[in-house]
Peer 1: 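First the structure, then my questions, so here it is.
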Amino acid sequence: MKLIIGNKAYSSWSLRGWLACKQSGLLFEEVVVPLYDAEWDRRREGDEFAPSSGKVPILWDGDAVVWDSLAIVEYLADKVGRARFWPEDEAARAMARSMAAEMHSSFSALRRKHTMNVRQVYPPVMPDADVRADLERIFELWAQARARFGHGGDFLFGEFGAADMMFAPVCTRIATYSLPTPRFAAAYVLAVLQHPFMQDWIAGAQEEEWVIEKFEQPAA
Ligand SMILES: N[C@@H](CCC(=O)N[C@@H](CS)C(=O)NCC(=O)O)C(=O)O
């Protein structure tokens with residue numbers, strides 16, 4: 001398998017797809033392309049990028065191509081077995097899937113105004129009202145998942161799984177922008193950031209030399 005991703009420093013959707021590949025336990029080649037560099041427009045027109053019209057992540061597996069982070073999660077869950085990605089319990093799985101989907105389709109204020117940058121930690125700021133509303137909803141979801149189904153471990157549904165992969169870039173944003181976080185959520189954020197896959201990703205980001213100025217601001 002070959003996974004094409006953007007900069008580890010900044011590419012939040014790439015992080016999700018990459019976590020899914022790591023969690024699958026399958027061997028994969030990782031190709032990092034610098035987002036928005038001088039070659040970007042030309043590169044995105046190439047055959048490897050065509051299926052997603054240039055967006056990353058893209059997973060190639062022989063003739064199969066999967067773009068979009070959540071589709072990569074589901075493709076790999078089909079391939080290696082659901083248990084590595086989703087809870088066994090039906091009610092827990094229903095909630096985990098709904099949360100992953102909500103993360104994929106929502107929280108645009110948080111995503112737009114606090115872009116991912118795993119190399120920085122900025123001083124605390126009071127986020128805008130729309131960002132606070134996004135965070136409130138996210139914390140409510142996390143609290144419910146932890147209270148109902150989190151007893152088997154430190155993650156949303158106990159063991160590290162697909163829902164955690166989808167929310168991982170929220171955890172990095174909370175750390176980067178020192179966003180106000182209730183204590184239970186801070187413990188969860190720490191568990192995610194300390195996960196070996198996340199440590200591996202962040203170390204990779206530190207080694208990158210590319211800098212995109214628009215993603216290097218304390219808050220947009
Ligand atoms: N919904 C897609 C979003 C993918 C996406 O927007 N990726 C960004 C990088 S994080 C990208 O490729 N941006 C470049 C562009 O849009 O030209 C997913 O879940 O994978």
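Treat the numbers as computed from the prediction; the structure is a model and nothing was measured. Both counts, for ligands and for their atoms, begin at 1 and track the order of listing.
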Peer 1: With no hydrogens and no angle check, just 3.5 Å: does a side-chain donor-acceptor pair link Glu30 and Trp18?
Peer 2: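 Yes, side-chain donor-acceptor contact under 3.5 Å.
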Peer 1: Going by distance alone, is a donor N or O of one side chain under 3.5 Å from an acceptor N or O of the other, for Asp68 and His104?
Peer 2: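 Yes.
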Peer 1: List for me each residue that meets side-chain contact (heavy atoms from CB on, under 4.5 Å) alongside Asp37, sequence neighbours excluded, and say none if there are none.
Peer 2: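 Asp37: side-chain contact (heavy atoms from CB on, under 4.5 Å) contacts with Pro34, Glu39, Trp40, Arg43.
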Peer 1: Going by atom types only, do Tyr10 and Glu208 share a side-chain donor-acceptor pair under 3.5 Å?
Peer 2: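 Checked: Tyr10/Glu208 side chains show no N/O donor-acceptor pair below 3.5 Å.
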Peer 1: Do other residues, nucleotides or ligands put more than 12 heavy atoms under 6.0 Å from Gln199 CD?
Peer 2: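 Yes, because the 6.0 Å sphere around CD of Gln199 holds more than 12 heavy atoms from other groups.
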Peer 1: State, with a plain yes or no, whether a side-chain heavy atom of Phe28 is found less than 4.5 Å away from one of Asp61.
Peer 2: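 No, every pair of side-chain atoms sits at 4.5 Å or beyond.
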Peer 1: Just list the N/O pairs, ligand 1 to protein, that are under 3.5 Å apart, with the distance for each.
Peer 2:
{"residue": "ligand 1", "atom": "1 (N)", "partner": "Asp68", "partner atom": "OD2", "Å": "3.2"}
{"residue": "ligand 1", "atom": "7 (N)", "partner": "Val56", "partner atom": "O", "Å": "2.8"}
{"residue": "ligand 1", "atom": "12 (O)", "partner": "Val56", "partner atom": "N", "Å": "2.9"}
{"residue": "ligand 1", "atom": "13 (N)", "partner": "Tyr36", "partner atom": "OH", "Å": "3.3"}
{"residue": "ligand 1", "atom": "16 (O)", "partner": "Lys55", "partner atom": "NZ", "Å": "2.9"}
{"residue": "ligand 1", "atom": "17 (O)", "partner": "Arg44", "partner atom": "NH1", "Å": "2.6"}
{"residue": "ligand 1", "atom": "19 (O)", "partner": "Asp68", "partner atom": "OD1", "Å": "3.4"}
{"residue": "ligand 1", "atom": "19 (O)", "partner": "Ser69", "partner atom": "N", "Å": "3.2"}
{"residue": "ligand 1", "atom": "19 (O)", "partner": "Ser69", "partner atom": "OG", "Å": "2.7"}
{"residue": "ligand 1", "atom": "19 (O)", "partner": "His104", "partner atom": "NE2", "Å": "2.9"}
{"residue": "ligand 1", "atom": "20 (O)", "partner": "Ser69", "partner atom": "N", "Å": "2.8"}

